[in-house]
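Data block below; observations after.
Just so you know, ligand 1 is whichever comes first in the structure, and atom 1 is the first atom listed for that ligand. All figures in this text were calculated on a predicted structure; none of them were measured in a lab. Quick note: residue numbers are just sequence positions, from 1.
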Amino acid sequence: MTKKLAVLPGDGIGPEVVNEAVKVLERLRRDFGLKIELETALVGGIAYDTHKHPLPDATLKLAKQADAVLLGAVGGNRWDTLARELRPEKALLTLRSELRLFANLRPAILYPQLASASTLKPEVVAGLDLLIVRELTGDIYFGEPRGVRTLESGERQGFNTMLYAEHEVERVARVAFAAARKRRCKLCSVEKANVLETSGLWREVVLRVAKDYSDVELSHMYVDNAAMQLVRAPKQFDVIVTGNIFGDILSDEAAMLTGSIGMLPSASLDAANKGMYEPIHGSAPDIAGKGVANPLATILSVAMMFRYTLNEPSLADNIEQAVSRVLDQDLRTGDIYTEGMKKVGTSGMGDAVVSMLGS
Ligand code: IPM
Ligand code: MG
């Protein structure tokens with residue numbers, strides 16, 4: 001059956017990197033029997049410019065109907081002064097909550113070819129392969145009440161609410177335990193249970209779920225210590241499960257261990273494994289339109305889509321191997337460039353991956 005893919009390029013470097021991922025999809029359609037139909041729609045700042053809303057109804061409808069969503073990036077300085085409801089980031093948050101994408105998988109894998117691109121010593125990061133499972137539809141990101149109020153003194157006070165219900169913790173914990181089971185069977189749950197009630201409950205629920213996964217070795221870590229351990233000895237981790245805001249921060253940190261945030265894909269999944277796939281790097285307005293952005297995170301996001309939503313693991317392997325071969329050929333975009341390598345731009349990198357597919 002033909003699968004429908006919603007393609008939402010978005011802002012900044014989004015359209016450039018998505019373009020390369022689409023080249024990969026088209027090659028797979030032409031030569032590998034992939035039955036897929038692509039439909040593109042506007043999201044983020046560009047949607048605001050055109051429709052006065054960052055997530056037009058038609059885009060949300062398309063995303064809901066599609067079997068999977070491929071998203072580039074949203075945001076840019078130009079839209080930072082808009083009301084919060086109209087900012088590009090709000091489109092992303094609404095897509096996540098409307099599609100109920102509660103489990104965000106962010107792998108941080110260091111390709112051996114890039115060991116010297118990391119700012120950490122090669123022996124600290126060589127062979128790194130960790131997975132952050134970030135809860136994506138709860139926590140302080142969505143908790144009510146929120147706002148800015150004026151106190152009796154006349155001073156203004158900003159407030160947000162950190163919330164987790166037991167079922168929200170349980171379902172993301174199950175995703176994380178199941179993922180650990182397919183890997184090295186180690187799960188570290190990260191929270192701040194020494195201070196926050198939300199985190200205390202989080203830990204209780206994780207411990208309860210753990211009874212169904214006795215083959216997985218579970219540990220708990222406070223988020224401040226986890227931030228430190230990630231740079232001190234990142235290879236101690238296999239799978240990390242954590243809440244929305246802690247996961248936001250730790251996943252950027254984990255990304256940098258690998259040398260470049262330009263390499264890292266992500267999957268955001270619902271209870272039935274329908275997903276939205278996006279590179280984690282964001283819209284990078286400083287390099288947008290220059291043709292220098294690294295498209296590999298987006299291309300690797302397509303590989304994740306085949307693995308998690310479209311049940312085509314051999315196509316996922318095909319893409320991942322093509323990326324590895326391109327790195328073997330010393331091709332590098334600026335973000336992962338080191339001396340002696342061959343510098344290529346966005347489309348040069350995309351074309352190289354396409355030419356390696358199935359070879
Ligand atoms: C991410 C981003 C988003 C988040 C922003 C753009 C809303 O930082 O996907 O990590 O905070 O979740
Ligand atoms: Mg982030």
Cut-off under 2.8 Å, centre the Mg ion (ligand 2), protein N/O/S atoms: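 As for protein N, O or S atoms lying under 2.8 Å from the Mg ion (ligand 2), they are D248 OD1.
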What part of R96 sits under 4.0 Å from ligand 1 if we count only heavy atoms: the side chain, the backbone, both or neither?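 Near ligand 1, R96 shows its side chain, while the N, CA, C and O stay back.
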Residue-level breakdown please: for R106 versus ligand 1, do any non-hydrogen atoms fall below 4.0 Å on the side chain, on the backbone, on both, or on neither?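 The answer is the side chain.
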Is there a donor-acceptor pair under 3.5 Å between the side chain of Q329 and the backbone N or O of L331?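 Absent.
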Quick check: does any side chain N or O of D11 sit under 3.5 Å from a backbone N or O of G75, one acting as donor and the other as acceptor?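 The answer is yes, because a donor-acceptor pair under 3.5 Å joins these two groups.
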Residues two or more places apart in sequence or in another chain: which of them pass salt bridge (Lys or Arg N to Asp or Glu O under 4.0 Å) with D215?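 Result, salt bridge (Lys or Arg N to Asp or Glu O under 4.0 Å) vs D215: R181.
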Under a 4.5 Å cut-off applied to non-hydrogen side-chain atoms, are F102 and T137 in contact?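 In short, these two side chains touch, coming nearer than 4.5 Å.
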Any pair counted as salt bridge (Lys or Arg N to Asp or Glu O under 4.0 Å), so long as it reaches residues 342-353, sequence neighbours left out: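 As it turns out, the salt bridge (Lys or Arg N to Asp or Glu O under 4.0 Å) pairs with a partner in residues 342-353, which skip direct neighbours, are K23-D351.
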Quick one: salt bridge (Lys or Arg N to Asp or Glu O under 4.0 Å) pairs with a partner in residues 257-276, sequence neighbours left out?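 Sorted pair list comes back empty.
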Atom CD1 of I46: over 12 foreign heavy atoms under 6.0 Å: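 It does not: I46 CD1 has 12 such atoms or fewer within range.
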Should we count NZ of K182 as having more than 12 external heavy atoms under 6.0 Å?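 Counting other residues, nucleotides and ligands, NZ of K182 stays at 12 neighbours or fewer.
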With heavy-atom distances below 4.0 Å as the criterion, list the atoms of ligand 1 near R134.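 This gives 1 (C), 4 (C), 9 (O), 10 (O), 11 (O), 12 (O) as the contact atoms.
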Say whether E278 and ligand 1 are in contact under the criterion: heavy-atom distance to a ligand atom below 4.0 Å.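 So E278 does not count as touching ligand 1.
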Does ligand 1 have any atom sitting under 4.0 Å from a heavy atom of K90?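 It does not; every heavy atom stays at 4.0 Å or beyond.
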Taking N or O atoms only and a 3.5 Å limit, does Y141 qualify as a polar contact for ligand 1?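 In this structure, Y141 places an N or O atom under 3.5 Å from an N or O of ligand 1.
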